Structure formats: C-alpha cells, structure tokens
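Below: the structure, in structure tokens.
Here the structure is a predicted model, which means the values were calculated and not measured.
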Amino acid sequence: MNTATRDFIEKHLKDDVRQLALQKFPDDVDKILVLNQIEARQLLSKKVPSWASNPDLLFPKHLSIEQCSSELTAKYKASIIEGGDTFVDLTGGLGIDSYFLSEKFKTSYYVENQKELCDLAEHNFAVLGRKITVVNSDAESFLRDKACLIPTGYDNQTTRWDNACVVLYLDPARRDIYNRKMVSLHDCSPDVVSIVETRGRASQHGGTMLIKLSPMLDISMITNELQNISEIHIVSVKNECKEVLVKIEPGFYGEIKYFCVDFHPVGTRHALSLRDETNFQFVESGEKSAIPTFSSNIKKYLYEPNSSLMKSGAFKLISQRFAIEKLHVNSHLYTSDNLISDFPGRIFEVVGFAPFNKKVKKELLSDITEASVATRNFPLSANELRKSLNLKESDKNFVFSTTLIGEKKVVILCKKI
C-alpha cells in the first residue's frame, strides 16, 4: 500500500463507503483497496479496536470480518488457556484469536486454507511484531504432517507432536456449502468430532484443545458428541451470547465445569478491557441436585438471567444460589422482596401486574404507550403482545408476560434498576 493510499484511508475513515465509492479518486490511490479497508476498519472499530486503529494493518473481505472473534472474546480465550511450548490455530481466519492466544506460547502456528487470508495474516503479524508461522493448509492435512509440530530444538526421536506441550484451537465453519444448519458437530468444517477422537486416542495424558462453537448449538449436542470435555465457557457481550468455548483434555473423565460470563466492554478506541464481567460457575450435578423455590405471586423485584446463564440451563441452581423464587418450572424469571444486587442478569422493580385478559390494558397499562415487551413461557410472541397492547417500542417501561404456578397468565409492568 503506497503512502497516498494510506493517507487517503486515514482521511476518509468515517465517510459513508457507498457515497465515497461514487467519487473520483486521485490517480495514485487504489480505489478498491481504499473502499475495502475503510469498510473493514469501520466494522472492526468496536469489535477489535486495537487492530482497527493501526494504519499499517490490512484486512480481507467483509465475510471474514463478520466471522472473526472480537478482541474481548479473544482475550478471554487467552485467559483460560495455560501457556506452553506450542500453539496451533487450525482455523486461522482473520488471525485475531491466533494473535491473542499465541502470546502465551514459545512457538505458534496459524493454519488457513485460503491463500489470501494467509498472505494478510503474514503481513499483519509482522506489523504487530508477533512471530507466528503461517501455513496455507486445511486442518486435517496439517495434522497429518505431524513432524511440523515439533518445536525447533526438540529431539525428534523422543518428542511427540501430540504431547502435552501442544495446544490446538479450532473455530470450525458452522454451515455447509448449501448454507444449511448443522444437525451434528460432524457437519462442521473441519470435523471437530473426528479430530477430538483422533487426538484422544493418540494422547491420553495431554494435548489441550479449545473449540469455539456457535451459541445457537444445543449444549446437550455438544456434550453428547465430544469426549473428554473439562470445561464449557458460555460467553456473552452486553447480554448477547457470542460464543460457546469447549475445553478438551484427553484422558479427562470428570465432571464438566460450566462458566457463564457476560462482559460489558470498557476502554478506549484502541483496546478493550476484561473488566466488568459477571461470572456464574457450576457443575452439572449442582444443577441436577438443586432445589428451587417457587412463588405463586409477583414480589417487589423481578430477575431475568443474562443470555449466557440462560444458555447454560442452570435454572434451578439460580433460585437456590441467590435465594430467589422461580415463577414456574418453564418460566425462567425470578422474584424476591429483597434486592439481590449482584444477580447475573437484568433486575427490575415491579410497578404492578395483572392477569392477562381483555381488561389488562385498562387495569395495568392505561397510562403506558411505550414499553420494551418480552414474553417468557407465554402463548404470544413479544411482537404479537405489543400489537395486542398497542405499545410502541421503548425502554422507558418494561412489560413481561409469563406463566405462574397454576398456569396463570400474567402481565408485569416494571422499571429497570
């Protein structure tokens, strides 16, 4: 990238790319490169601010930007993996995860089957001063060439490629070439189930793997199809579930530990911090043995678990651990008279509630014209209920409709704390 093109990008970083594309460019400025880089930096400005603000980095097409990890989630991955000799990112992509995880290892590999991404990664790692070996290959082919995983200086006669000093990371594609949703982890590309099984047979006492999976997948499917899972981390950002991280330890047969983490990003345009997280931890037997309490009525406060906690399914344990009452077996909302300020989710003060019937608008919502509407274990969707109650979308008020013990349908008016 020449100086004129670089300066043009810096000058027009905040411009509307569609409008910019209609303008005439100077002869010494690469128009296609400029438009691509400005669009990429705008997309990455909140997702990976430390990269977006570096004028010397280069970025690929739109799809790779959309699919990459955020800076925050990449840093979290690095925090849950112990460092060591060798790290291998088998699905390199944009290289965000490779960059942040590799910092903890002596030797690192970035593996990617798209040549364009490999070229960009090699350039970006050099700019960032990170020594990572870039390999243009698919994951399966790379793993078959086991010799290349032995770090320089090791005795090739005694050191195994799959020993405890090698950590593998995978972020598999979650749809096939026809864009159909997966029904099994075998449908991933690469096939993570086969890789985990092969890894387990080859190394019974080491070789940690970390797998990033879609938050749309059922946890039960993951635990049924993958063996030797030691930890599952469900990560959300601003209460939006982003990733399910599965930690595999060959030879591990104990209880899976679950970590439900929600981040609220803080920091400058150049970096994001891991501060301000809420973290709920449990093991499966804890949820199975938990004894929840139920309320047949709505009390002073209403609690809605954050998205990572909802994904985990620890619904009984929430009630027991925070001493709050569940509204119904299938209504994952909770209530109490005393405020539980450290609850991992949204907390509301109840203004009032009423049975769901033709009179509810007049009895409960007569002065309310705007509200954020949500339904939990309720026959109508949020949009259907909003239309029924003639409410405009707003966060001035919050309306929940749900089912209580005894199958009573109610509408609850709240104010967020």
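With Phe280 as the aromatic partner, Arg321 meets the cation-pi criteria of under 6.0 angstrom to the ring centre and within 45 degrees of the ring axis.
Thr293 approaches Ser319 most closely through the heavy-atom pair N-OG, 3.1 Å. The two atoms that bring Leu213 and Pro172 nearest to each other are CD2-CG, 4.0 Å, heavy atoms only. Residue Asp89 comes nearest to Ser98 through the heavy atom pair OD2-OG, 2.6 Å, listed as atom of the first residue, atom of the second, then distance. Between Arg41 and Ala52, the closest heavy-atom pair is NH1-O, 3.0 Å. Of all the heavy atoms in Leu380 and Thr375, the pair that sits closest is O-OG1, 3.3 Å. The minimum heavy-atom distance between Tyr110 and Gly95, with the atom names listed, is CE1-CA, 3.9 Å.
Proximity of Leu185 to Ile211: side-chain heavy atoms (C-beta onward) are nowhere separated by under 4.5 Å. Side-chain contact between His186 and Ser194: present, with at least one pair of heavy atoms (C-beta onward) separated by less than 4.5 Å. Using a 4.5 Å heavy-atom threshold, the side chains of Leu143 and Pro190 count as separate. Between Phe100 and Ser50, the closest side-chain pair of non-hydrogen atoms falls below 4.5 Å. Counting heavy atoms from C-beta outward, Ile232 and Thr223 have side chains that approach closer than 4.5 Å. Side chains of Val329 and Phe294 form a contact here, defined as non-hydrogen atoms less than 4.5 Å apart. No side-chain heavy atom of His332 sits under 4.5 Å from any side-chain heavy atom of Arg376. Looking only at side-chain heavy atoms (C-beta outward), Ile340 and Ile347 stay at 4.5 Å or farther from each other.
For the residue pair Asp171 / Thr91, no side-chain donor-acceptor distance below 3.5 Å is found, with atom types taken as modelled. For Lys212 and Ser69, the side-chain atoms include at least one donor-acceptor pair closer than 3.5 Å. Side chains of Ser331 and Thr402: a donor-acceptor N/O pair is present below 3.5 angstrom, by distance only. Looking only at atom types and distance, the side chain of Asn383 has no donor-acceptor partner in the side chain of Ser381 under 3.5 Å away. For the residue pair His328/Glu407, the side-chain donor-acceptor check at 3.5 Å is satisfied.
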So Phe353 and Asn297, side-chain contact (heavy atoms from CB on, under 4.5 Å) or not? Walk me through it.
-> CA-CA 10 Å; Phe353 64 95; Asn297 217 337; 2.9 Å; yes
Please report the C-alpha distance between Val360 and Val410 in whole Å, then the side-chain angles of each, then the deciding distance to 0.1 Å, and finally whether the side-chain contact (heavy atoms from CB on, under 4.5 Å) criterion is met.
-> CA-CA 9 Å; Val360 68; Val410 294; over 6 Å; no
Given Tyr303 and Phe322, is the ring pair (Phe, Tyr, Trp, His ring centres under 6.0 Å) satisfied, shown in steps?
-> CA-CA 11 Å; Tyr303 304 87; Phe322 292 97; 8.4 Å; no
Start with the C-alpha gap between Ser372 and Asp395, add the side-chain angles, then the distance that decides, and say whether side chain to side chain donor-acceptor pair (under 3.5 Å) holds.
-> CA-CA 5 Å; Ser372 173; Asp395 58 1; over 6 Å; no
Go through the steps to decide whether Phe87 and Lys104 satisfy the test side-chain contact (heavy atoms from CB on, under 4.5 Å), and finish with yes or no.
-> CA-CA 9 Å; Phe87 167 73; Lys104 305 177 77 172; over 6 Å; no
Please walk me through it: do Ile80 and Phe259 pass side-chain contact (heavy atoms from CB on, under 4.5 Å)?
-> CA-CA 11 Å; Ile80 64 175; Phe259 299 80; over 6 Å; no
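Counting non-hydrogen atoms of other residues, nucleotides and ligands closer than 6.0 Å to CD of Glu10 gives a total above 12. For Asn338, the CG atom is loosely surrounded, since the number of other residues' heavy atoms within 6.0 Å does not exceed 12. In this structure, Lys299 places its NZ atom where more than 12 heavy-atom neighbours from other residues, nucleotides or ligands lie under 6.0 Å away. More than 12 heavy-atom neighbours from other residues, nucleotides or ligands sit within 6.0 angstrom of CG on Leu22. No more than 12 heavy atoms of other residues, nucleotides or ligands lie within 6.0 Å of CG in Asp367, so this atom counts as exposed by the packing criterion. Annotation for Glu82: atom CD does not count as buried by contact number, only 12 or fewer foreign heavy atoms lying within 6.0 Å. The local environment of NZ in Lys257 is sparse, with at most 12 non-hydrogen atoms from other residues, nucleotides or ligands closer than 6.0 Å. Atom CD of Glu284 is surrounded by 12 or fewer heavy atoms from other residues, nucleotides or ligands within 6.0 Å.
For Ser189 (side chain) and Ala173 (main-chain N/O), no donor-acceptor pair under 3.5 Å exists by modelled atom type. Between the side chain of Lys31 and the backbone N or O of Ala21, at least one donor-acceptor pair lies under 3.5 Å. One N or O on the side chain of Asn36 and one on the backbone of Phe59 form a donor-acceptor pair closer than 3.5 Å. With hydrogens and angles disregarded, a donor-acceptor distance shorter than 3.5 Å links the side chain of Thr335 to the backbone of Tyr301. In terms of modelled atom types and a separation under 3.5 Å, the side chain of Asn124 and the main chain of Leu57 share no donor-acceptor contact. At distances below 3.5 Å, at least one donor-acceptor pair connects side-chain atoms of Glu287 with backbone N or O atoms of Lys316. Side-chain N or O atoms of Asn397 include one that pairs as donor or acceptor with a backbone N or O of Glu370 at under 3.5 Å. Remark: the backbone N or O of Gly93 is not paired with any side-chain donor or acceptor of Gln114 at under 3.5 angstrom. Lys311 places no side-chain N or O within donor-acceptor distance of the main-chain N or O of Cys241, the cut-off being under 3.5 Å. Under a 3.5 Å cut-off, the side chain of Thr73 and the backbone N or O of Ser70 do form a donor-acceptor pair.
Taking the six-membered ring for Trp and thresholds of 30 and 60 degrees, Tyr99 and Trp51 have ring planes more than 60 degrees apart, a perpendicular arrangement. In this structure, Phe343 and Tyr334 have tilted ring planes: the angle between them lies in the 30° to 60° band.
Judged as a side chain to side chain contact (heavy atoms under 4.5 Å, CB included), and not counting sequence neighbours, the contacts of Leu43 are Glu39, His62, Ile65.
Separating the CZ atom in Arg346 from the CD1 atom in Ile417 is a distance of 12.5 Å, to the nearest 0.5 Å. Between Glu103 atom CD and Leu128 atom CG the span is 11.0 Å, to the nearest 0.5 Å. One distance of note links CG of Asn239 with CG of Leu309; it measures 10.0 Å at 0.5 Å rounding. The OH atom of Tyr169 sits 3.5 Å away from atom CG of Asp97, with the distance rounded to the nearest 0.5 Å. Considering CZ of Arg6 and CG of Leu33, their distance stands at 12.5 Å, rounded to 0.5 Å.
Checked for salt-bridge contact, Asp85 and Lys106 meet the test: a charged N lies under 4.0 Å from a carboxylate O. At a threshold of 4.0 Å, the pair Glu71-Lys75 counts as salt-bridged, since one of the basic side-chain nitrogens sits closer than that to a carboxylate oxygen.
Residue pairs meeting the ring pair (Phe, Tyr, Trp, His ring centres under 6.0 Å) criterion with at least one partner in residues 355-379, sequence neighbours excluded, are Phe356-Phe378.
With Ile222 as the fixed residue, the side-chain contact (heavy atoms from CB on, under 4.5 Å) test singles out one of Ile256, Val192, Ile229: Ile229.
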